[in-house]
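Here is the structure we will look at, set down as structure tokens.
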Amino acid sequence: MTREKVRVQTTINEQPVEFLCEPRQSLLECLREILGLTGAKEGCNDGNCGACAVIMDGRVVNSCLVLGVEAEGRRITTIEGLARGAELHPVQRAFLEQGAVQCGFCTPGLILATKVLLDRHPDPSEPQIRRWLANHLCRCTGYDKIVRAVRQAAAELREVRA
Amino acid sequence: MSGKPYRVIGTRPVRHDGADKVTGRAQFGADVRLPGMAYGYVLRSPYAHARIRRIDTSRAESYPGVLAVVTAADLPSGPDRLVDLVEGTLPLSYARTNVLARDKALYKGHAVAAVAADNPHVAEEAAGLIEVEYEPLPPVLDVLEAMREDAPRVLEDLRMRQLGELTDKAGNIGEHFRHVLGDVEKGFAEAEVIVEREFRTVMVHQGYLEPQSATALWNQDGRVYLWTTTQGAFSAREATAWILDLPVSQVRVTPMEVGGAFGGKIRVYLEPLAALLSRKCGRPVQITMPRRDVFEATGPTPGTYIRVKMGARADGRITAAQVWMAYETGAFPSGQCGFGAICILAPYDIPNVLIDGYDVVVNKPSTAPYRAPGATQAAFAAESVVDELAERLGMDPIEFRLKNAAREGTRRADGLKYQRIGCVEVLEAMRDHPHYGAPLEGPNRGRGVAMGYWFNIGWYSSCVISVNPDGTVNLVEGSVDLSGTRTTIAMQAAEVLGLRPEQVHPIVADTDSIGPTAVTGGSRTTYATGWAAWEAAHDVIRQMKQRAALLWEVDPEAVSFDGGVFRSGDRSMTFAELAERLEETGGPVVGRGAVNPSSAGGSFAGAIVDVEVDPETGKVTVLRFTSVQDAGTAIHPTAVEGQMQGGSAQGIGWALHEEYSWSPEGAMLNSSLLDYREPTALDVPPIETVIVEVPEPQHPFGVRGVGEANIVPPPAAIANAIYRAIGVRLRLLPMKPSAVLEAIWSKEV
């Protein structure tokens with residue numbers, strides 16, 4: 001297999017980023033191994049757990065199913081880019097206040113997925129929340145407190161926008 | 001429960017590691033980055049049972065980018081001895097052989113060799129160049145077949161332990177034990193109704209999201225440094241040191257954040273391999289398991305065959321119970337059948353009991369604990385029979401259980417006599433919950449209940465608290481934090497010290513930095529390490545009183561401490577005011593706590609579940625689920641609820657769709673998270689919780705560990721609900737659509 005590297009120019013967490021990667025390397029591997037952004041987690045490497053989810057051009061993607069070279073020209077948000085300075089994003093805060101975090105491994109993906117959900121649907125119903133998050137496995141919480149956290153964040157964000 | 005004298009305990013603060021967990025900053029096993037770090041890959045057996053004739057690593061070693069290759073030849077092979085590896089006392093050779101196969105591969109996925117290279121892809125490519133000559137042997141995969149005299153032998157040197165004595169009987173039975181209470185023959189003779197049934201469960205996995213990952217540096221001074229995702233820094237230190245034949249102090253383990261474990265991250269798999277590779281190449285080496293390896297090569301939990309016979313009088317008293325249980329332990333013996341035997345009848349006061357248990361090895365991955373290990377399978381059997389007995393007697397299933405409920409003074413067949421327990425209180429809370437009385441209308445719907453028990457453990461823990469001049473404290477502990485125990489432990493210290501939870505800064509330390517602390521498991525951490533924190537906090541108060549006495553020129557006995565204030569006569573100082581004056585009164589105040597409780601109070605849990613069965617497809621939908629559990633004293637109720645909800649969801653998955661599927665040759669057919677079906681947010685309903693608080697009599701705050709008992713009732717409760725829905729009893733897990741359909745069809749014939 002070729003080990004020749006390709007240059008990729010992209011935007012990550014609102015900063016222009018340039019890196020070299022092998023064509024076979026996934027975006028997840030590029031984030032974690034090349035760029036030091038280890039907040040995206042590898043749980044399965046085949047798109048079935050959602051722990052590696054990041055936001056690419058406004059959509060939630062499993063970064064293990066995206067090649068690093070496909071990041072060219074895109075806008076990517078990872079969990080490291082969500083808080084503003086010393087202030088947590090309302091979704092992050094809601095996850096803590098509702099006890100929606102246990103081990104924390106699935107948390108980055110779930111928080112990013114929730115952000116996109118609430119960007120699109122400011123007042124989602126419980127079935128809507130559960131369907132949206134069904135791509136993300138959480139083995140610790142049984143999902144109940146995650147659903148509550150999403151509702152809390154939705155209410156707070158609606159208030160901010162109003 | 002009202003009237004508790006606590007200010008901190010029972011509140012719901014945001015956890016201390018919260019910000020790290022929601023910003024991606026928390027460092028899990030595979031997040032470790034060291035200068036010059038190389039990556040490892042493990043080559044595994046494609047056969048479930050095969051003799052290893054020859055391993056040739058030369059092509060892999062000369063592959064560009066490869067730094068080192070190791071096989072079992074690199075492991076020490078000194079004389080064997082028995083070692084306590086948390087899950088039971090076993091020959092050290094078994095632990096070594098599970099890390100790297102020597103003469104035989106014992107299951108598909110058994111490690112055969114490991115490679116280190118500049119990057120993980122090169123390591124994987126090079127592993128493919130290792131030539132292994134196998135002689136495939138017939139595998140044995142079923143627990144009952146494995147018990148037959150003519151079955152293929154998994155371990156040639158295994159001899160059966162029979163009723164506590166090692167015998168010379170070779171075969172696949174690791175142990176046969178028996179618990180006897182009263183006289184079952186007499187008990188059955190007194191019974192007016194007797195039900196006898198057999199049950200099967202298959203292997204399932206803990207299913208944690210984070211794959212195993214270990215990073216090792218064999219330093220040039222001879223010390224081995226490990227960074228690993230483990231439930232026990234000290235148990236990982238011991239196991240790695242023993243396997244590598246090193247003094248334990250030559251190994252330092254830094255426990256990383258753990259992305260779920262549930263019992264599956266006690267044993268070491270990768271640590272010794274990473275260490276051996278590091279020794280050969282002189283660089284730190286990280287190995288992370290692909291998901292396939294997590295399924296095929298870590299420890300899932302046993303499949304079982306269990307037969308339960310129970311008899312009761314017409315007035316509803318159970319007179320006798322007889323159990324015959326066999327657990328498949330995978331490639332090596334384990335103690336889980338014994339745990340199952342402790343728990344199987346634990347909720348009941350039964351005068352005549354006979355339990356026979358068998359630990360049986362098969363050519364599957366070596367099993368490991370999974371949340372209340374052994375108890376869920378056992379309760380599936382016993383609680384189904386209890387439900388059937390209640391029905392035959394025309395009694396309400398909760399009233400029937402209450403009539404036979406275990407209480408303080410009840411003796412279990414394994415010998416233990418209960419101290420104060422909350423079995424009755426849990427059953428009463430279930431009976432009184434609105435869910436139990438709510439109407440359940442519609443066809444093919446039914447409601448079921450079941451009880452579960454986990455005995456919990458005590459064991460050793462260390463804690464150090466040092467006072468900061470600003471009136472806060474730092475708390476150093478040895479318990480790995482799986483789900484928020486930094487906070488439940490800090491809260492117990494804060495309660496003693498009169499501080500707010502956020503004024504205690506907890507840190508989980510490495511094995512060089514804190515005293516020995518047993519594994520985070522057995523629901524022991526909030527109990528035992530919380531107790532150590534209580535001791536350390538009292539040690540701080542004792543020393544601080546001396547300092548106040550010095551300043552006030554009074555006897556230390558004359559200084560009191562209450563609500564965060566030191567007092568003597570009409571003089572007083574807050575904790576913070578005194579903390580500022582430590583330097584002038586003798587220097588730092590460092591409190592110390594070290595405990596080793598030999599036992600812990602067990603926790604009972606119950607489940608109420610409503611299901612709907614689709615008779616066309618066999619699909620079971622869980623409509624409503626209520627989990628009830630005795631927490632002793634709930635230190636952090638949100639954390640307790642989280643344990644109950646998480647355990648319930650795992651129990652629902654175990655009940656309805658999780659399983660290892662096998663080829664006839666012993667290959668796992670569904671080793672991905674697509675095909676091994678863990679519950680998603682759509683598969684479970686909102687899980688309601690009721691925390692019952694019957695304080696544990698020994699613990700200073702009455703804590704009972706709550707991590708485990710909650711997973712035990714769901715499969716039985718769901719089976720009982722399915723029966724109420726469609727009149728069919730399922731006695732095989734998982735109760736997947738095909739199994740439900742087959743049961744419906746066989747009933748209709």
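Just so we're on the same page: letters track the sequence lines, and every chain starts at 1.
- Atoms NE2 and CG, on His136(A) and Leu209(B) in that order, are 11.0 Å from each other to the nearest 0.5 Å.
- For the pair Val258(B) and Cys103(A), the tightest heavy-atom approach, listed with the atom from each and the gap, is O-CB, 3.3 Å.
- The two residues Leu88(A) and Val22(B) have their closest heavy-atom pair at CD2-CG2, 4.0 Å.
- Using a cutoff of 4.0 Å between basic side-chain nitrogens and carboxylate oxygens, Glu33(A) and Arg33(B) are scored as salt-bridged.
- Between Thr38(A) and Gln27(B), the closest side-chain pair of non-hydrogen atoms falls below 4.5 Å.
- Looking at every heavy atom in both residues, Phe105(A) comes nearest to Pro211(B) through CZ-CD, 4.3 Å.
- Using a 4.5 Å heavy-atom threshold, the side chains of Glu22(A) and Asn119(B) count as touching.
- Comparing Glu80(A), Arg148(A), Lys145(A) by heavy-atom pairs within less than 4.5 Å of chain B, the highest count is held by Lys145(A).
- More than 12 heavy atoms of other residues, nucleotides or ligands shown are found within 6.0 angstrom of CZ on Arg677(B).
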- Task: Run the numbers on Thr107(A) and Lys21(B) for side-chain contact (heavy atoms from CB on, under 4.5 Å), then give the verdict.
- Result: CA-CA 7 Å; Thr107(A) 306; Lys21(B) 292 273 159 74; 5.5 Å; no
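- Highest contact tally toward chain A, considering only Glu688(B), Glu678(B), Met644(B), is held by Glu678(B) [criterion: heavy-atom pairs under 4.5 Å].
- In this structure, the side chain of Arg139(A) does not engage the main chain of Gly259(B) through any donor-acceptor pair within 3.5 Å.
- When side chains are defined from C-beta on, Gln643(B) counts as touching Gln102(A), because their heavy atoms get closer than 4.5 Å.
- Of the two parts of Leu96(A), the backbone and the side chain both hold a non-hydrogen atom closer than 4.5 Å to a non-hydrogen atom of chain B.
- Note on Asp17(B), Leu482(B), Leu682(B): by heavy-atom pairs under 4.5 Å with chain A, the leading option is Leu682(B).
- Ranked by non-hydrogen atom pairs under 4.5 Å with chain A, the options Gly18(B), Pro13(B), Ala19(B) are led by Gly18(B).
- Arg292(B) CZ to Asp46(A) CG: the interatomic distance, rounded to the nearest 0.5 Å, is 10.5 Å.
- The parts of Thr638(B) that come within reach of chain A are both its backbone and its side chain, each placing non-hydrogen atoms under 4.5 angstrom from that chain.
- Of the listed residues (Ala30(B), Gly642(B), Pro686(B), Ala681(B)), the greatest number of heavy-atom pairs within a distance under 4.5 Å of chain A belongs to Ala681(B).
- Considering only heavy-atom pairs separated by less than 4.5 Å from chain B, the leading option among Pro108(A), Gly104(A), Cys138(A), Gly39(A) is Gly104(A).
- The environment of Glu18(A) atom CD is dense: over 12 non-hydrogen atoms of other residues, nucleotides or ligands sit within 6.0 angstrom.
- Of the possible donor and acceptor atoms, one in the side chain of Tyr143(A) sits under 3.5 Å from a partner among the backbone N and O of Pro679(B).
- Only the side chain of Glu29(A) comes within contact range of chain B, judged by heavy atoms closer than 4.5 Å.
- Under the 3.5 Å distance criterion, the side-chain polar atoms of Arg15(B) are matched with a main-chain donor or acceptor of Val101(A).
- A salt bridge does not link Lys41(A) with Glu257(B): none of the charged nitrogens is closer than 4.0 Å to a carboxylate oxygen.
- Nearest heavy-atom pair across Gly142(A) and Val684(B) is O-CG2, 3.6 Å.
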- CA sep, side-chain torsions, deciding dist, call: Asp31(B), Arg32(A), side-chain contact (heavy atoms from CB on, under 4.5 Å): CA-CA 8 Å; Asp31(B) 300 334; Arg32(A) 292 180 52 82; 2.8 Å; yes
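- More than 12 heavy-atom neighbours from other residues, nucleotides or ligands sit within 6.0 angstrom of CZ on Arg158(A).
- Between Glu125(B) and Arg24(A) there is a salt bridge, since at least one side-chain N of the basic residue sits less than 4.0 Å from a carboxylate O of the acidic one.
- Around the CZ atom of Arg7(A), the shell of radius 6.0 Å holds no more than 12 heavy atoms that belong to other residues, nucleotides or ligands.
- The choice from His121(B), Gln650(B), Arg12(B), Glu641(B) that makes the most heavy-atom pairs within less than 4.5 Å of chain A is His121(B).
- For chain A, the nearby part of Tyr39(B) is the side chain; its heavy atoms alone come within less than 4.5 Å.
- Residues Thr680(B) and Arg130(A) are not in side-chain contact: their nearest non-hydrogen atoms beyond the backbone lie 4.5 Å or more apart.
- Neither the backbone nor the side chain of Val147(A) comes within contact range of chain B; no heavy atoms are under 4.5 Å apart.
- The two residues Ile687(B) and Asp144(A) come nearest to each other via the heavy atoms N-OD1, 3.5 Å.
- Ranked by heavy-atom pairs under 4.5 Å with chain A, the list Ala649(B), Gly653(B), Gly646(B) is led by Gly646(B).
- In this structure, the portion of Glu126(A) lying under 4.5 Å from any heavy atom of chain B is its side chain and not its backbone.
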